[in-house]
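Letters go in sequence order (proteins before strands), and every chain restarts at 1.
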Amino acid sequence: MSSTSGQPQFRYTQTPSKVLHLRNLPWECTEEELVELCNPFGKIVNTKCNVGANRNQAFVEFADLNQAISMVSYYASSSEPAQVRGKTVYIQYSNRQEITNNKSSGDVAGNVLLVTIEGVEAGDVSIDVIHLVFSAFGFVHKIATFEKAAGFQALIQYTDSETASNARNALDGRSIPRYLLPEHVTSCHLRISFSAHTDLNIKFQSHRSRDYTNPYLPVNPSAIEGTLQPALGPDGKKKEPESNVLLASIENMQYAVTVDVLHKVFSTFGTVQKIAIFEKNGGMQALIQYPDVTTAAVAKESLEGHCIYEGGYCKLHLSYSRHTDLNVKAHNDRSRDYTIPETGMLTMPQAPGLLTGAAGWQANHQAATMYAGNAVGAPAPGPNGQMPTWDPSVRGGAYVAAPSTYPGQTFAPPPVSHYPASAAISSAPAESLQASQPMPQYGLLPNARPPTTASAGQPLYYPS
DNA sequence: AGCACA
């Protein structure tokens, strides 16, 4: 910016653009004449003729900025001015970077509307509200919403362009009624144009897209639930229905896995009612039954892909079983029903290469107490809304003996993100989950009483 | 002869 000049400096201060502004053109100059003039300097991608009150101006857009610069430069230093039909044409850079012609899009009536909802975020206007508003003009076939730079937008598909036009004429520039919006939304104007689409491709019923012509379209669970499942495949991989019974496939079985081992691992998340182990396709599988779906879901999320033993041994893959109540008869190392009162119990198997985590248990103990009330899968509050009382010292006592096995060892999570496959159970992923549901100190308590009823995160139901 | 369209 020059401080010495008080003069307006039109052409010298103009920033180059691949769009050129041409004036003093002959009356009703045609596009062909513009092309003839400009073509020697580059590829013309768009034009706009007959601009201005006298219809003697035009815009020409080159494919490349350098082509526009070359044309301006050429005529700036040429002794022959640019001419059309013998008339001198004045050329300068346009103050816009591209030509926008209204004929290309937005005004061609189609059956699909592009609606920009101004002044709101995506969460403010539900797809049901959009459906309600736009259904006033006819049957809405499909809705797809998305967020772009322009803001929160929706594509709304009607049967025909007449219906779409009626909706557009009635609603463009109007606002969605206040009572349909959250209180904090102060303005919510609709900007409506026609989309070039004729048939939207809706893959899932979700909070961002609907197909009202196909009620059998699968529901995208992650989209319905919200944002809590980033682990779901980008292709919207179908999930089996949830169940209180988990099916565990155990990969790389280097060490024995008995019901006792599984019980210890899965009890971290809640009471395990029944376990059954069986062979399938040469691999080992197990069914683990919880009292409720929520507990099973937490266990599944937490344990999926993790290994019972360090070193990638006995890696767990979890899915929901179709069973809801296992028929476990035998009580042996392959199956057990923990809901049946029992007497003498098992000894812990010798587990090699065991993990750290005892210190983590202690460190997280307070957090476990604090978060128990609202953590997913935590024990349900009693009828008075209180958590069942339990004595932390009792449970702590059951586990505190453990660290003596590895004195001085501190809890140090391995870089899980780098080695997810070998990440062991006691270094489980989510920190919040770790806090509320500490991982089992498996194998660190050779003499500890097996927590058959007093599993981690659960109240003690009988005095020890 | 000096910048469209919404």
Side-chain angles (χ1 to χ4, degrees), chain A residues 5-35 37-38 41-42 44-63 65 67-69 71-110 112-120 148-156 161 164-175 187-196:
Chain A
S5 169
Q7 305 254 334
Q9 298 180 345
F10 289 110
R11 74 183 65 173
Y12 306 109
T13 57
Q14 274 191 310
T15 52
S17 165
K18 59 184 177 357
V19 181
L20 299 182
H21 176 231
L22 296 82
R23 54 196 158 80
N24 203 36
L25 289 162
W27 174 250
E28 291 199 342
C29 172
T30 64
E31 184 178 30
E32 286 70 29
E33 289 171 307
L34 283 179
V35 170
L37 175 68
C38 303
F41 300 94
I44 298 164
V45 296
N46 207 352
T47 63
K48 191 180 187 72
C49 305
N50 302 320
V51 168
N54 295 327
R55 298 174 62 82
N56 61 352
Q57 301 174 39
F59 297 94
V60 173
E61 180 176 338
F62 284 100
L65 176 64
Q67 297 165 352
I69 291 174
M71 183 167 183
V72 170
S73 304
Y74 175 82
Y75 285 111
S77 59
S78 169
S79 56
E80 298 266 319
Q83 290 184 319
V84 173
R85 287 186 230 162
K87 244 183 140 228
T88 295
V89 176
Y90 300 91
I91 303 170
Q92 59 187 160
Y93 298 115
S94 171
N95 51 25
R96 300 190 195 179
Q97 294 300 309
E98 60 183 10
I99 291 178
T100 56
N101 8 21
N102 48 17
K103 63 190 170 195
S104 65
S105 70
D107 270 347
V108 187
V112 177
L113 296 178
L114 171 62
V115 180
T116 302
I117 306 175
E118 298 176 338
V120 301
K148 282 273 185 67
F152 184 40
Q153 295 191 310
L155 289 164
I156 299 173
S161 57
S165 296
N166 290 340
R168 186 180 108 117
N169 293 336
L171 294 176
D172 190 19
R174 304 283 301 278
S175 187
S187 74
C188 180
H189 291 286
L190 303 173
R191 295 290 168 207
I192 305 178
S193 60
F194 292 103
S195 166

TODO: Measure the distance from CD1 on A:I192 to P on B:dA6 and round it to the nearest whole Å.
DONE: 16 Å
Open item on the list: Tell me the interatomic distance from A:E31, atom CD, to B:dA4, atom P, rounded to whole angstroms.
Closed with: 19 Å
Open item on the list: Categorize A:N24 for me: base, sugar-phosphate, or nothing, with a 4.0 angstrom heavy-atom threshold over every strand shown.
Closed with: sugar-phosphate
Task: Spatial distance of atom OG (A:S193) from atom CG (A:L113) [nearest 0.5 Å] - done: 8.0 Å
TODO: Starting from the 5' end of DNA chain B, give me the residue, A:D172 or A:H21, whose nearest nucleotide shows up first.
DONE: A:H21
Task: Gap between atoms CZ and P, on A:R168 and B:dA6 respectively (whole Å) - done: 10 Å
- [ ] Could you check how far CD of A:E98 sits from P of B:dA6, rounded to whole Å?
- [x] 16 Å
- [ ] Could you check whether A:E61 gets within reach of a base, just the sugar-phosphate, or nothing at all, counting any heavy atom under 4.0 Å?
- [x] nothing
- [ ] Taking the side chain as every heavy atom from C-beta outward, state whether A:L37 and A:Y75 have any atom pair closer than 4.5 Å.
- [x] yes
Task: Near-parallel close stack of A:F59 and B:dA4 base (under 5.5 Å, under 30°) - done: yes
Task: Between B:dA4 (P) and A:N95 (CG): distance, integer Å - done: 8 Å
Open item on the list: For the CD atom on A:E80, are there more than 12 heavy atoms of other groups (residues, nucleotides or ligands in this structure) within a distance under 6.0 Å?
Closed with: no
Task: Of A:N46, A:T47, A:T100, A:I44, the residue whose pairing with A:E61 passes side chain to side chain contact (heavy atoms under 4.5 Å, CB included) - done: A:N46
TODO: Check the distance between B:dG2's C1' and A:Q92's CD and give it to me in whole angstrom.
DONE: 6 Å
TODO: Using whole Å, report how far OH of A:Y93 lies from P of B:dG2.
DONE: 20 Å
TODO: Specify the separation, in whole Å, of atom CG of A:L20 and atom P of B:dG2.
DONE: 17 Å
